[in-house]
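Report on one structure; see the data block that follows.
Below, each value reflects all heavy atoms present in this structure, side chains not excepted, and no hydrogens, waters or symmetry copies.
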Amino acid sequence: MKNIGLFKQFLMAFLGIILLMSCMTEPEAINYGKENCQFCKMTIMDNKYGSELVTQKGKIFKFDDVSCMIKYINISEQTPKDYAHIVVNSYDKPVNLIDANKAFFVISPNFASPMMGNTAAFSDEKQADEAVKKDSEAKKYSWNELVKKF
């Protein structure tokens, strides 16, 4: 009889953990070469240009280019409040997902992003400024400016 009681407690704890995990709203790593962009359906390959949306309900949408993510946001029926996280890969630290609202974006034809958004995100403003200084065609944007551009 003790075993049945322990089993029920274990089962309840396990179900509780599963329930909590299903409600998590944290970004997750992009599985490069195996996952597709939510907008253009291309395989996400380049770890310098990926991006991700996480809804308040925990649904995750992944993109191969920040321009795809912005286009998706523009055509979706979601509002900014519907997203728990809007994150982008940091060009200067590939694979690292950073908050898009805190990132510094540089657009240049020299950034050959997958869907020709030609946009790189930087976690450090100094590095974004350096990229602009090195490239006469480059221009720096904030997240809000970038959303309006696309």
Side-chain angles (χ1 to χ4, degrees), residues 10 12-150:
F10 173 77
M12 293 301 287
F14 180 74
L15 290 174
I17 290 169
I18 296 296
L19 181 63
L20 282 173
M21 288 176 65
S22 68
C23 296
M24 294 179 80
T25 58
E26 293 301 313
E28 66 181 29
I30 296 171
N31 195 354
Y32 298 96
K34 297 201 169 71
E35 293 184 291
N36 293 338
C37 175
Q38 182 69 32
F39 186 75
C40 72
K41 308 303 182 206
M42 299 284 291
T43 302
I44 304 170
M45 298 297 291
D46 196 330
N47 65 7
K48 291 181 275 193
Y49 300 107
S51 56
E52 194 171 294
L53 294 171
V54 183
T55 68
Q56 294 291 350
K57 295 180 179 179
K59 186 160 174 100
I60 298 173
F61 301 98
K62 298 178 183 183
F63 304 89
D64 64 346
D65 190 317
V66 71
S67 67
C68 283
M69 181 170 70
I70 292 171
K71 290 170 188 172
Y72 179 85
I73 290 170
N74 289 337
I75 65 165
S76 75
E77 296 178 10
Q78 306 286 334
T79 66
K81 291 180 182 178
D82 293 323
Y83 298 111
H85 299 282
I86 301 173
V87 294
V88 293
N89 276 124
S90 178
Y91 185 84
D92 51 325
K93 297 174 186 157
V95 181
N96 287 355
L97 291 169
I98 56 174
D99 184 342
N101 290 294
K102 295 177 183 174
F104 304 93
F105 297 89
V106 178
I107 295 180
S108 168
N110 292 315
F111 292 119
S113 61
M115 295 307 291
M116 296 191 299
N118 299 337
T119 306
F122 293 85
S123 57
D124 180 27
E125 187 172 18
K126 288 179 184 176
Q127 292 204 342
D129 290 339
E130 282 295 317
V132 171
K133 281 181 190 175
K134 291 177 184 176
D135 183 350
S136 63
E137 296 181 73
K139 186 169 182 202
K140 187 171 80 171
Y141 295 86
S142 69
W143 171 248
N144 289 329
E145 293 168 332
L146 192 68
V147 169
K148 289 176 186 171
K149 179 157 181 63
F150 284 106

Below 4.5 Å, heavy atoms only, C-beta onward: do Glu52 and His85 meet side chain to side chain?
-> no
Polar side-chain atom of Glu35 near backbone of Asn31 as donor-acceptor pair, under 3.5 Å = yes
dist Ser123:OG -> Lys93:NZ (nearest 0.5 Å) comes out at 4.0 Å
Heavy atoms of Asn118 and Pro109 approach each other most closely as ND2-CA, 3.9 Å
Solution key, residues 42-50 side-chain donor-acceptor pairs under 3.5 Å, sequence neighbours excluded:
unit_1 : atom_1 : unit_2 : atom_2 : d
Thr43  : OG1    : Asn36  : OD1    : 3.3
Asp46  : OD1    : Lys48  : N      : 3.1

Minimum side-chain heavy-atom gap Asp92-Asp124 below 4.5 Å = yes
Between Ser90 (side chain) and Pro94 (backbone), is there a donor-acceptor pair under 3.5 Å?
-> no
Minimum heavy-atom separation for Gly58 to Thr25, with atom names?
-> N-CG2, 3.6 Å
Compare every heavy atom of Val66 with every heavy atom of Val88, then report the nearest pair and how far apart it is.
-> CG1-CG2, 3.9 Å
Nearest-0.5 Å distance that lies between atom CE in Met115 and atom CZ in Phe39 | 8.0 Å
Assess the side chains of Ser108 and Asp135: does a donor N or O sit below 3.5 Å from an acceptor N or O?
-> yes
Does the ring-ring contact (aromatic ring centres under 6.0 Å, His included) test come out yes or no for Phe105 and Phe122, once each step is laid out?
-> CA-CA 6 Å; Phe105 297 89; Phe122 293 85; 9.1 Å; no
Is any side-chain heavy atom of Glu28 less than 4.5 Å from a side-chain heavy atom of Lys62?
-> yes
Do Glu145 and Ser142 come close enough that some side-chain heavy atom pair is under 4.5 Å?
-> yes
Under 3.5 Å, is there a donor-acceptor pair between the side chain of Asp64 and the main chain of Cys37?
-> no
Do the non-hydrogen side-chain atoms of Ile70 and Leu146 ever get within less than 4.5 Å of each other?
-> yes
Sub-4.5 Å side-chain heavy-atom contact between Val54 and Phe61 = no
Side-chain touch Leu53/Met69, heavy atoms, less than 4.5 angstrom | yes
Mind listing the closest non-hydrogen atom pair of Ile107 and Gly117 along with its distance?
-> CG2-O, 4.2 Å
If you round to the nearest 0.5 Å, how far is CH2 of Trp143 from CD1 of Ile86?
-> 5.5 Å
In terms of heavy-atom contacts, Ser51 and Asp65 come closest through OG-O, 3.8 Å
If you measure from the Lys or Arg side-chain nitrogens to the Asp or Glu carboxylate oxygens, is any gap between Glu125 and Lys140 under 4.0 Å?
-> yes
Looking only at non-hydrogen atoms, find the nearest pair between Ser67 and Phe150 and report the distance.
-> CB-CE2, 3.6 Å
More than 12 foreign heavy atoms under 6.0 Å from NZ of Lys41: is that the case here?
-> yes
Do Tyr83 and Gln56 come close enough that some side-chain heavy atom pair is under 4.5 Å?
-> no
Assign the ring pair Phe111 / Tyr91 to parallel, tilted or perpendicular, where the plane angle (0 to 90°) is split at 30° and 60°.
-> perpendicular
